[in-house]
Amino acid sequence: MEGNRARFGTAVRQKAEEAMGQGGTVAKNYWLVKSEEDVYSIRDLARDGVTGWEGVRNYEARNLLRDRMKVGDEVLFYHSNGRPPGVAGIARVVREGYPDPTAFDAASPYFDPRSRPENPRWFQVDLAFVEAFPRIVGLDEIRGVPQLAGMALLRRPRLSVQPVSPEEFRLVVEMGRKG
DNA sequence: GCCAACGTTGGC
DNA sequence: GCCAACGTTGGC
């Protein structure tokens with residue numbers, strides 16, 4: 001659902017790499033974000049390099065974007081309404097939560113007059129392209145793996161930004177890289 | 001602050 | 001295109 005616009009990438013990417021090189025007093029976190037394949041796909045992210053993850057209008061997802069997602073965190077990129085629906089690749093957080101400008105824009109489909117610049121209601125992060133899998137890790141396939149039964153993807157339908165455990169992340173990536 | 005109506009998500 | 005699940009809104 002998150003429609004999008006490209007943003008400059010070099011400075012934020014450098015910041016991300018610096019943060020990751022800081023020697024890890026804080027463990028990296030993992031996430032999954034959903035996007036409708038025909039609205040904004042992993043191919044669009046590959047083309048853009050970096051994008052603002054705008055348009056999220058759910059409070060639980062908002063809280064994760066605003067408070068929990070950190071530079072360097074890795075993100076499974078999920079195609080909802082895909083053929084098939086499934087995880088298509090990996091992105092990385094390169095800018096932490098900041099007010100979603102589309103909420104202030106009356107011309108945007110994500111406009112929300114209740115969000116004011118002096119008291120913003122909706123937040124976004126910037127995500128950078130990392131890789132596209134050679135194949136989609138389908139929702140049905142994920143359902144079939146016992147170690148993935150706890151994924152929020154299966155337990156929390158409709159939540160468009162959600163946490164993923166390190167083990168879940170590792171497994172899904174392994175599946176996706178197998179052609 | 002309850003909860004029915006409403007709207008959205010997203011698989012099928 | 002259908003519709004179940006479920007989050008949000010708003011009347012009271």
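Reminder, nothing fancy here: chain letters follow the sequence lines and each chain counts from 1.
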Student: Can we call the ring centroids of Phe77(A) and Trp53(A) under 6.0 Å apart?
Tutor: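 Between Phe77(A) and Trp53(A), the centre distance is under 6.0 Å.
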Student: Would you indicate, yes or no, if dC12(B) has its OP1 or OP2 atom less than 4.0 angstrom from a side-chain nitrogen or oxygen of Arg143(A)?
Tutor: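 Yes, Arg143(A) has a side-chain N/O under 4.0 Å of OP1/OP2 on dC12(B).
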Student: Of Arg155(A) and Arg114(A), whose nearest nucleotide on DNA chain C comes first from the 5' end?
Tutor: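 Looking at DNA chain C, the more 5' nearest nucleotide goes with Arg155(A).
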Student: To the nearest Å, give me how far apart CG (Leu159(A)) and P (dT8(B)) are.
Tutor: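 Whole-Å distance recorded here is 17 Å.
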Student: State which of dG10(B), dT8(C), dG11(B) makes the closest approach to the side chain of Leu139(A).
Tutor: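 So the nucleotide nearest the side chain must be dG11(B).
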Student: Counting side-chain heavy atoms from C-beta on, which of dC6(C), dG10(B), dT9(C) comes nearest to Pro157(A)?
Tutor: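 Looking only at heavy atoms from C-beta outward on Pro157(A), the closest nucleotide is dC6(C).
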Student: Figure out the CG/C1' separation between Asn81(A) and dC2(C), and round it to whole Å.
Tutor: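 Interatomic distance, CG of Asn81(A) to C1' of dC2(C): 13 Å.
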Student: Within this structure, what is the CH2-to-C1' distance between Trp122(A) and dG7(C), rounded to whole angstrom?
Tutor: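 Roughly 10 Å, once rounded to whole Å.
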Student: State which residue, out of Arg57(A), Arg121(A), Arg62(A), fulfils the salt bridge (Lys or Arg N to Asp or Glu O under 4.0 Å) condition with Asp100(A).
Tutor: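 Passing option: Arg57(A).
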Student: Taking the side chain of Arg158(A) as heavy atoms from C-beta outward, which of dG11(B), dT8(C), dT8(B) is closest to it?
Tutor: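 The listed nucleotide nearest to Arg158(A)'s side chain is dT8(B).
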Student: Find the distance Arg62(A):CZ to dT8(C):P and express it as a whole number of Å.
Tutor: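 Atom CZ in Arg62(A) sits about 10 Å away from atom P in dT8(C).
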Student: Below 4.0 angstrom from OP1 or OP2 of dG11(B), is there any side-chain N or O of Tyr78(A)?
Tutor: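 Affirmative; the distance criterion is met.
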Student: To the nearest angstrom, how far is Arg156(A) atom CZ from dC6(C) atom C1'?
Tutor: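 It is 9 Å, rounded to the nearest whole Å.
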Student: Can you measure Asn58(A) atom CG to dC6(C) atom C1' for me and round it to whole angstrom units?
Tutor: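 From Asn58(A) CG to dC6(C) C1': 10 Å.
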Student: For dG10(B), take OP1 and OP2 only and decide whether either is under 4.0 Å from a side-chain N or O of Lys34(A).
Tutor: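 Looking at the OP1 and OP2 atoms of dG10(B), one of them is under 4.0 Å from a side-chain N or O of Lys34(A).
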Student: Give a yes-or-no answer on whether the side chains of Asp44(A) and Ser41(A) include a donor-acceptor pair shorter than 3.5 Å.
Tutor: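 A donor-acceptor contact under 3.5 Å links the two side chains.
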Student: Select base, sugar-phosphate, or nothing to describe what Arg83(A) touches, counting heavy atoms under 4.0 Å on all strands.
Tutor: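 Since no nucleic acid heavy atom lies under 4.0 Å of Arg83(A), the category is nothing.
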Student: At what distance, to the nearest 0.5 angstrom, does CD of Gln147(A) lie from CZ of Arg170(A)?
Tutor: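 It is 8.5 Å, given to the nearest 0.5 Å.
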Student: Between atom CD1 in Ile142(A) and atom P in dG11(B), what is the gap in whole Å?
Tutor: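 Answer to the nearest Å: 10 Å.
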Student: Is the Trp122(A) to Tyr59(A) ring centre distance short of 6.0 Å?
Tutor: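 They qualify: ring centres under 6.0 Å apart.
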Student: Rounded to whole Å, how long is the line connecting atom CZ of Arg57(A) with atom C1' of dT9(C)?
Tutor: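 Result: 17 Å.
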